[in-house]
Amino acid sequence: MKYNFNEIEAKWQKYWAENQTFKADNISDKPKYYVLDMFPYPSGAGLHVGHPLGYIASDIYARYKRHQGYNVLHPQGYDSFGLPAEQYAIQTGQHPAITTAENIKTYRRQLDQIGFSFDWSREVRTSDPSYYKWTQWIFIQLFNSWYNNESDKAEDISELISIFETEGNATVNAICDENIEPFSAEEWNSFSSKKQQQILLQYRLTYLAETEVNWCPALGTVLANDEIVNGVSERGGHPVIRKKMTQWSMRISAYAERLLQGLETIDWTDSLKESQRNWIGKSVGAQVEFRVQSSKFSVSVFTTRPDTIFGVSFMTLAPEHELVSKITTPDQKAEVDAYIEATAKRSERDRVADVKNITGAFTGAYAEHPFTKKPIPIWIGDYVLAGYGTGAVMSVPCGDQRDYDFAKHFNIPIHNIFDGVDISEKAFADKEKTVIANSDFLNGMNYKKATKRAIYELEQIGQGEGKTNYRLRDAVFSRQRYWGEPFPVYYVNGMPQMIDVEHLPIELPEVRNYLPTETGEPPLGNATVWAWDTEKNEVVSNDLIDDKTVFPLELNTMPGWAGSSQYFNRYMDPNNEDAIFSKDAMDYWQQVDLYIGGSEHATGHLLYSRFWQKFMFDKGYVNHDEFAKKLINQGMILGTSAFVYRVFPHWNKKITSSKTESGLISESVFYVSQSIFELFSDRREYYKKIVKDLYPILKSKLLSLYSKHLNNQLDESDIINHSDSYITFTVDKIHADVSYVNSSDELDIEGFKNWRPEFKNAEFLTKENETFKVHREVEKMSKSKYNVVNPDNICEQYGADSLRLYEMFLGPLEQYKPWNTAGITGVHSFLKKLWKLYFDDNGLKVTDATPTKDNLKTLHKTIKKVQEDIENFSFNTSVSTFMIAANELTAQKCTSKEILKPLLVLVSPYAPHIAEELWSQLEHNESISTVPFPEFDESHLVESTKNYPISFNGKMRFTMELPLDLSKKDIEKAVMANEKTKEQLQGREPKKVIIVPGKIVNIVG
RNA sequence: GCUCAAGUGGCGGAAUUGGUAGACGCGCUGGAUUCAAAAUCCAGUUUCUUCGGAAGUGUGGGUUCGAUUCCCACCUUGAGUACCA
């Protein structure tokens, strides 16, 4: 019987689906284990070979855990709200729900053909109303909560109201650190309802506020900080500007410290924890008040170096700082205004790009030093960011390089307050390496002591206190888009009201088109049925809006991360219509045991999910305040892009000695191979060299270009010698679809010409006697880079088991690695070899023969290694181990059922189809998926002799077979008696002989 | 600039607590089988070599009987982050 993988794989995929083999029960005597993948966004391009990498790894682990007797939850679903479907809708008018459903169908087919052990009965889709009902529910819970810093957890807003009613906000303000006017209980009770709502909004965990946001004009929406990369949007690379808008925000900053501390309790990768720590950006220091001389104002600054307070020689405010206009003196006003205007004009990106340029302006005002009472000039400068700390710094040039540069640039005096340190060239920032001097009561103290003392003294005079600052900003939660969760919110007198939970979900309305409205409102502004009737409790037509019972609904939708921040908990009880999940389900599954996904979500999804989980924990809905115990980042599989070089010829004609006319010869653009391109690469000798080197190859091309466009009678020397009329070239590279390129980098020119119309009649030039070779580069796999490799062809040609094995065999899971199909034949022939252990031309050849010692040794060696590998997520090495086992058992001509049966269980997590098929051929009626994992028996590996490596000065020179029970003395005797030892020593006496029994012998000579 | 990760044959990679560097696979070379091809099987494949051996894991030092593994300095590559006070 032949290994007919297509047939076998289809058969078992059907079996698993029909028998619901991988359906996880919420009630079980078995211990539970929850293996989770990051669910995919179903893009129109379908799955490429990079997507399944993490899924294969988690599937191997999930299957292994089933063999170990666990009740395994291994769900899958779709993060199906998002931009691409919406942009497609804008272009074509097709409803995003239709596009999304189609894409999901493709994804499902592709996932099924790889043979994952997902429990599809638990599938979730974030764009499904029955799912986003619960996203809306969480939003309402957040709205109805505030963060009590005293109990350090989220609490119901009703408790805050009762505090206000009985004692006003004096105590709460102190803890909450909000800039809210204090009020008494009497005042609170006398406030209008609207005023009360406005105040409460400033305490809620999700709140509506006028905030400066990242606005992306091209996408017509705001973006979160983690959606911006290098000053442009992550999706599409469009510019981003700062803009003030009223937006929903999430008070993640309240959880900054707990998000930081929680990292200590979870088994996530260090690099991921490090990025989250950087993102949270905790700094410990002090807040200090500087009174502004002859005014009622004071400047409040945050510093991590209160120990350097006597080194302050000026202060710097961000240009946007609210005090700037209030303290600037009349004679400095013009200069300050001009500076503010100039910085406002520059985009965030320009400012960041232009770090070296020092700019600023003097306000004319002076602050007073809290201790010396000396005047300190107040400047403004754009190196101080309005968004961090207080937007103002006390500038200590001797200890901070930026302050130092600013001081030097504007000739501000620099005081040295460090003992025995030279600051004539640059600032001295190494705080551990000196002690404080010239600083009154801080003299002689080290950094730590001085910091403590400075804070104490500031507190004594009421001008400062110890303070911790976080870089983490509250997360903007509104998006001006259609394809996202609608908010369960309507507005009465401009104040947001929550719709009762019992009326959820509020479903996305139909719209005429998916673009913003003419008045600049979000796409939901196009909906005609989008108002809330508070009497009927349903969505009604906008025409019915009146001031009594029908009110406008929120027009923004939620961001992409809303749907993914609790999906892992929903999987525990996905079809529950009465609650996000039942308490029983949560009590059983607890939390994710293993989460596998990409590191690109480090500061987005993974931080937001931890935030929501902590909130859910505070409210008592979940049992753990971290949702995933262990997390592994799989590396990305990269594509190997192919490029051809496109050459643009330009004609040039010298008119006078200083004037040359030139232009593109657009119809003569041509394409060249890698080897010709290399001739272009020396840019210093551009014109002459290129034409000279290319001339032999492009002779006819050049001559025709000349005669055509310069209308000149030229001979060859004119061209080569670069006379008054000449040709120059510019070159760029364009992606070629990798399907037109073979493994030797050769381009199929005919196929390529048919790819796009502009190549149809184009010229493709390469050196004589050479094939046309493309340029290769490793990049992220993406449709736009034409380097996508589709798993479908591989499944068809080699089978899913080969694909699974090969993706694991490529290298360590966490590593980034380029895809290269070349090696897949290796794992495929292993599977064929494995099959041949069970079948030959005459059929099944497995017997009841008693296994030999060698058979047992091979099997148990394999059990040990594979088990260790799976537990260490070292899947690449267990594929090698399987190959070794198959090679050895083939050589041993093993047919013993006692060996071949357990071998199948070992292989089953990696190559489940072939394992199931052979298992059933061995007369089993049940799936192999829950058969116990074989027990490792050490006794089969015990040896009586050891082939000792004999080294001289640490270099292995030969080996000697010796009994393992030999004493050290006898080993030495045997080794010294050996001929080869004498040869190595050449008569010298060994200085020392090191013997590690069972390991090595080392002779030092 | 800062932080993190990684540098091993022609290639992907292995060596888990310091103990035979290059497992396993790809590719390549030779052979068997075949009319031929595919497939399969066998042998070889780090480099140099006077065929005895010798050198060798980015570079230079160090610790050790012994270092791919530990320590120091440097170089290169990749990723993240960036005026964070």
Student: Using distance alone, with no hydrogens and no angle criterion, decide if A:Ser829 and A:Tyr798 have a side-chain donor and acceptor under 3.5 Å apart.
Tutor: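 Looking only at side-chain atoms, A:Tyr798 and A:Ser829 do not form any donor-acceptor pair under 3.5 Å.
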Student: Please determine, for B:C4, whether a Watson-Crick or G-U wobble partner exists with both distances under 3.5 Å, and give it or none.
Tutor: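 Looking at the geometry, B:C4 pairs with B:G78.
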Student: With rounding to whole Å, what would you report as the distance between B:U76 and B:C84 at their C1' atoms?
Tutor: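 Pairwise C1' distance, B:U76 against B:C84, rounds to 30 Å.
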Student: Hey, what do you get for CH2 (A:Trp835) to CZ (A:Phe830), rounding to the nearest 0.5 Å?
Tutor: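 Spacing of CH2 (A:Trp835) from CZ (A:Phe830) equals 13.5 Å.
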Student: Could you work out the separation of B:A82 and B:U3 based on their C1' atoms and round it to a whole Å?
Tutor: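 The same atom, C1', in both gives a distance of 11 Å.
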Student: Starting at the 5' end of RNA chain B and moving along, which residue's nearest nucleotide shows up first, A:Thr881 or A:Arg957?
Tutor: A:Thr881
Student: For B:C4, does either OP1 or OP2 sit under 4.0 Å from a side-chain N or O belonging to A:Arg277?
Tutor: no
Student: Give A:Asn1002 one of three labels, base, sugar-phosphate or nothing, depending on what nucleic acid heavy atoms sit under 4.0 Å from its own.
Tutor: base
Student: Remember a base hit wins even if backbone is also touched, and classify A:Asp405 as base, sugar-phosphate or nothing at under 4.0 Å, heavy atoms.
Tutor: nothing
Student: When we call it a touch if two heavy atoms are under 4.0 Å apart, what does A:Lys833 touch: a base, just sugar-phosphate, or nothing?
Tutor: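 It contacts sugar-phosphate atoms only.
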Student: Across all strands, who's sitting opposite B:G9 as a Watson-Crick or G-U wobble pair, both distances under 3.5 Å?
Tutor: none
Student: Which part of the nucleic acid, if any, lies within reach of A:Ser599 when heavy atoms closer than 4.0 Å are counted: base, sugar-phosphate only, or nothing?
Tutor: nothing
Student: Classify A:Asn947 by what it touches in the nucleic acid, base, sugar-phosphate, or nothing, heavy-atom distance under 4.0 Å.
Tutor: base
Student: Now, which nucleotide makes the Watson-Crick or G-U wobble pair with B:C35, with each of the two distances under 3.5 Å?
Tutor: none
Student: So what's B:U64 paired with, Watson-Crick or G-U wobble, going by both distances under 3.5 Å?
Tutor: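 The base-pairing partner of B:U64, which may sit in any strand shown, does not exist here.
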Student: Which part of the nucleic acid, if any, lies within contact of A:Pro812, taking any heavy atom under 4.0 Å across all strands shown: a base, the sugar-phosphate backbone alone, or nothing?
Tutor: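 The residue A:Pro812 makes sugar-phosphate contact but no base contact.
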Student: Contact class for A:Asn887 (heavy atom, under 4.0 Å): base, sugar-phosphate, or nothing?
Tutor: sugar-phosphate
Student: When all nucleic acid strands are considered with a 4.0 Å heavy-atom cut-off, which category describes A:Lys832: base, sugar-phosphate, or nothing?
Tutor: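 Sugar-phosphate contact only.
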Student: Just checking A:Gln815: base, sugar-phosphate only, or nothing, at a heavy-atom cut-off of under 4.0 Å?
Tutor: sugar-phosphate
Student: Considering only the C1' atoms, how many Å lie between B:A38 and B:C24, rounded to the nearest integer?
Tutor: 25 Å
Student: Any N or O donor-acceptor pair under 3.5 Å from the base of B:U20 to the side chain of A:Lys955?
Tutor: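 When only heavy-atom distances are counted, A:Lys955 does not reach the base of B:U20 through any donor-acceptor pair under 3.5 Å.
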Student: What interatomic distance, in whole Å, is found between P of B:G52 and the corresponding atom of B:G56?
Tutor: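 That atom pair is separated by 22 Å.
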